[in-house]
Amino acid sequence: HYNDDKNIDGVIITSKDVTKEVILHDDYKLVSNELKSKNIELTEKNKKIESLISDLRNKEQVLNEKVQKMQENENKFRNMYKNSTIGIARVNLDFKLFEANNAYCEMLGYAEDELIGKNFIDFTHPDDSDQNLDLQSKLATGEIPYYQLEKRFLHKSGKIVHGLLNATIIKNEKNEPLYFLGSVQDITQQKYATQELKLSRNKLRIQNAISNAFITSKGDKFYNTILNVVLKELKSTTGYFGYIDKDGSLNCPSITSPD
């Protein structure tokens with residue numbers, strides 16, 4: 001402190017308690033460090049979250065591509081299924097049809113809604129039903145993976161349709177059966193053509209045998225030779241009246257000679 005003569009006549013000492021400020025400063029540093037630590041931790045978590053989001057987006061993209069591909073395949077299958085010249089039908093595990101393409105419906109003479117809900121045995125020839133059911137049951141139990149069967153179908157008009165059936169069972173990703181898938185090729189014309197060919201060959205064989213008899217046999221032997229040819233071809237030991245059946249086979253009803 002200065003006096004009036006500008007000389008120092010004393011010293012004034014003042015002090016201030018800064019304990020609280022020091023404590024606050026220390027607390028601030030502690031909080032600041034904690035915040036920095038938390039900020040680093042949050043930054044790392046954000047990076048992980050961003051990485052997870054990126055992975056999810058990639059997986060979503062892959063999944064969308066798979067779905068799109070499945071839809072494309074489904075559309076291709078639908079077009080092939082609908083426009084195929086081979087009859088295709090889907091049958092549930094109770095052996096009832098729930099979907100059929102145009103070729104299948106046309107082959108049997110029904111509209112699709114007339115076939116839906118019917119058991120496939122309803123339009124199978126009775127003589128082929130047991131074998132068809134046996135194979136279908138083995139397919140259902142997994143005893144066989146597929147089968148092929150030449151069978152006769154019953155057309156709506158009542159006529160017989162010959163078909164070559166290929167059947168398999170469709171399963172899900174867990175290998176659980178979903179439904180049967182069958183494709184049928186109409187072989188009626190080929191069947192009739194084969195029968196006609198067999199018939200023609202049988203007729204030609206008889207004609208050749210009779211012609212040969214005319215050339216090689218003389219006198220009484222000629223008539224015996226002709227009779228033997230007829231009896232042999234008509235498969236009768238007691239007569240010579242017969243017919244040619246629808247399969248092209250020659251048959252003769254048994255004739256009993258009077259005694």
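Atom OG of residue S51 and atom CG of residue N46 lie 12.0 Å apart, to the nearest 0.5 angstrom. Rounding to the nearest 0.5 Å places CG of L97 at 10.5 Å from CZ of F120. To the nearest 0.5 angstrom, H162 atom NE2 is 6.0 Å from K191 atom NZ. Note: K59 NZ to D55 CG = 6.0 Å, rounded to the nearest 0.5 Å. Rounding to the nearest 0.5 angstrom, the gap separating the OG1 atom in T124 from the CD atom in Q131 is 11.5 Å. Here CZ of R90 is found 8.5 Å from CD1 of I170. Values are rounded to the nearest 0.5 Å.
Of the possible polar contacts, one joining the S137 side chain to the L133 backbone as a donor-acceptor pair under 3.5 Å is found. Without hydrogens or angle criteria, D186 side chain to M107 main chain gives no donor-acceptor distance under 3.5 Å. Proximity of a side-chain donor or acceptor of N58 to a complementary backbone N or O of S54 within less than 3.5 Å is detected.
With contacts defined as side-chain heavy-atom distances shorter than 4.5 Å, the pair E50/K45 does not qualify. Looking at heavy atoms from C-beta onward, L115 lies out of side-chain contact with F98 at the 4.5 angstrom threshold. A 4.5 Å side-chain heavy-atom check between D134 and D130 finds every atom pair outside the cut-off. When side chains are defined from C-beta on, H125 counts as touching D128, because their heavy atoms get closer than 4.5 Å. Side-chain contact between P145 and T168 is absent, with no heavy atoms from C-beta onward closer than 4.5 Å. A heavy-atom distance below 4.5 Å is found between the side chains of I187 and E150. Residues I169 and L181 have side chains not in contact (no heavy-atom distance under 4.5 Å, counting atoms from C-beta outward). When side chains are defined from C-beta on, E176 does not count as touching K171, because their heavy atoms never get closer than 4.5 Å.
Under 3.5 Å, the side chains of N132 and K151 contain a donor-acceptor pair of N or O atoms. When only modelled atom types and interatomic distance are considered, Y147 and Q136 share a side-chain donor-acceptor pair under 3.5 Å.
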Verdict with reasoning, T43 to K47, per side-chain contact (heavy atoms from CB on, under 4.5 Å): CA-CA 6 Å; T43 300; K47 288 180 179 179; 4.0 Å; yes
Check against ring pair (Phe, Tyr, Trp, His ring centres under 6.0 Å), F95 and F180: CA-CA 8 Å; F95 301 163; F180 301 104; 5.6 Å; yes
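A centroid separation of 6.0 Å or more is found between the aromatic rings of Y110 and Y104.
Connection of I88 to Y179 is established within a shared hydrophobic cluster, with ILVMFWY side chains joined at heavy-atom distances below 4.5 Å, either directly or through further cluster members. Both F123 and I121 are members of a single hydrophobic cluster when ILVMFWY side chains are connected at heavy-atom separations under 4.5 Å. Side-chain heavy atoms closer than 4.5 Å link hydrophobic residues (I, L, V, M, F, W, Y) into clusters, and following such links, even through other members, never connects I86 to L108.
A111 approaches C105 most closely through the heavy-atom pair C-SG, 4.2 Å. Closest heavy-atom contact between G163 and V184: CA-CG1, 4.0 Å. For the residue pair I144 and L135, the shortest heavy atom distance occurs at CD1-O, 3.6 Å. Residues Q185 and Q190 approach most closely at NE2-NE2, 4.2 Å, considering heavy atoms.
Environment of CG in N92: crowded, with over 12 heavy atoms of neighbouring residues, nucleotides or ligands closer than 6.0 Å.
Hydrophobic side-chain contacts under 4.5 Å tie L154 to no other Ile, Leu, Val, Met, Phe, Trp or Tyr residue.
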